[in-house]
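The structure under discussion appears below in the form of structure tokens.
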Amino acid sequence: MSRWIVVLAGGIGSRFWPLSTPERPKQLLPLVTKKPLLLDAFDRLSPMVDPKHMLVLTNAELVKPIRKLLPTLPRENIIAEPKPAGTAAALTWAARTIEARDDADATMISVHADWAIGNDERFREVLEAGEEHAQETHTLVTVGVVPTRPDTGFGYIQPEDPRKSASPVKRFVEKPDLSTAEKLCADGYLWNSGIFIWTVGDFLSQVRQHAVELKKAMGLNEDAEAAEFFSSVTKPVSVDNAVLERSSKVAVLRGDFGWDDVGTWSALARVRDKDEFGNTTTGDVHLLDSTDNVVHADGGQVVMYGVEDLIVVVHNGLTLVTTREKAADLKRLVESLPKADRDKA
């Protein structure tokens, strides 16, 4: 068996503005531990593969900082996507790359660079179980995380048989409203984590059958360059929409290892230590009669009195104040700012 791991490390993480910027996005920030999220992911996965068998897909602008962050990763294993084309194109290109360097029977495990994982050992055990299931059944395996709360920020997966640890997928559900999320959790649905496991040959076969958006790209010669491949994708599309939701050969494996996508400032309250009043702080922060706040102070001192459920970020002379409820909508704020103000960070 030959195992490869693909780490998706693109995007700019605008929900962590002003700390995140296009040059230093979320995956390069130490949001959960003292290490950047991407380095956490690399260290978490290193026991499973040699660096020669790990690919990192990212934006062209991030290749240099990632090389600096991951010096043991071969330079040719940091792959720059010429243009954003969605996860279907990115994972298909990764699969073609692995097939060219190895063969179609190689296993491909795909994860994102910017997650928090509470139990690394259990996480690796689930990936290995998914790999075994993918090889035995020739299905495309997605890991469904056992929900800890009804969350409107995730998609959901319904297993055909919720009693089994691995089951065919009955249906996928897009991000729901709160009342629907509550019902889905009660009915045994799982969070769609975005963790995928399959053999390269099985995945590419399903891409050819179902991903019409990639038909032209898949028709290119095996020696086609990345620029030609990505430019041939008719429209950006996720692998969920292009392949998984259209295929009958998809299984979901139940996973419970303290997964969090760390999608907003508010998420830090779930993955970092809190004081006795539920506050999560970084830097020089003084709080009195204040509860359930998230405060990040890169410079200067932050003093808060009698407030709750706020996000306060001080970085590079700029101060952001919002509510934890509004933290998920931060992209709207950033897009409304003049470019000069956005770039101050």
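Bear in mind the structure is a predicted one, so any value in this text is a computation, not a measurement.
Residues E99 and E222 have side chains not in contact (no heavy-atom distance under 4.5 Å, counting atoms from C-beta outward). The side-chain heavy atoms of D261 and W191, taken from C-beta on, include no pair separated by under 4.5 Å. The shortest distance between side-chain heavy atoms of M108 and L204 does not fall below 4.5 Å. Between T264 and L330 there is no side-chain heavy-atom pair separated by less than 4.5 Å. Two residues are said to be in side-chain contact when any heavy atoms from C-beta on lie closer than 4.5 Å; P74 and P51 meet this criterion. Looking at F277 and L287, their side chains never come closer than 4.5 Å, going by heavy atoms from C-beta outward.
Closest heavy-atom contact between S46 and M54: N-CE, 4.5 Å. The shortest heavy-atom contact between G10 and Q27 is O-NE2, 3.1 Å.
Taken from CD1 in I311 to CD in E325, the straight-line distance is 11.5 Å, to the nearest 0.5 Å. Atoms CD1 and CG, on I98 and D105 in that order, are 13.0 Å from each other to the nearest 0.5 Å. Rounded to the nearest 0.5 Å, atoms CZ (R3) and CD (E131) are 4.0 Å apart. To the nearest 0.5 angstrom, Y189 atom OH is 10.5 Å from T180 atom OG1. Atom CG of L19 is separated from atom CG of L318 by 11.0 Å, given to the nearest 0.5 angstrom. The structure places CZ of F16 at 5.0 Å from CG of L31, a figure rounded to the nearest 0.5 Å.
Partner L8 forms a side-chain contact (heavy atoms from CB on, under 4.5 Å) with one of D114, V111, L91 and no other, that one being L91.
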For E121 and R124, run salt bridge (charged side-chain N to carboxylate O under 4.0 Å, His left out): C-alpha distance rounded to whole Å, both residues' side-chain angles, the deciding distance at 0.1 Å, then the answer.
CA-CA 5 Å; E121 184 176 355; R124 290 189 290 266; 5.8 Å; no

Under the side-chain contact (heavy atoms from CB on, under 4.5 Å) criterion, do L39 and D43 qualify, and how do the steps go?
CA-CA 6 Å; L39 183 54; D43 290 345; 3.9 Å; yes

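Taking the charged nitrogens against the carboxylate oxygens, D50 and K52 have no contact shorter than 4.0 Å, which rules out a salt bridge. Here D202 does not pair with K249 in a salt bridge; the nearest charged N to carboxylate O distance is not below 4.0 Å. Checked for salt-bridge contact, R96 and E228 miss the test: no charged N lies under 4.0 Å from a carboxylate O.
The number of heavy-atom neighbours closer than 6.0 Å to CZ of R149, taken from other residues, nucleotides and ligands shown, is above 12. Counted within 6.0 Å of CD on E225, heavy atoms from surrounding residues, nucleotides or ligands total 12 or fewer; the atom is thus considered open.
The aromatic ring centres of W259 and F154 sit less than 6.0 Å apart.
At a threshold of 4.5 Å between side-chain heavy atoms, the hydrophobic network of Ile, Leu, Val, Met, Phe, Trp and Tyr places L69 and L29 in two separate groups.
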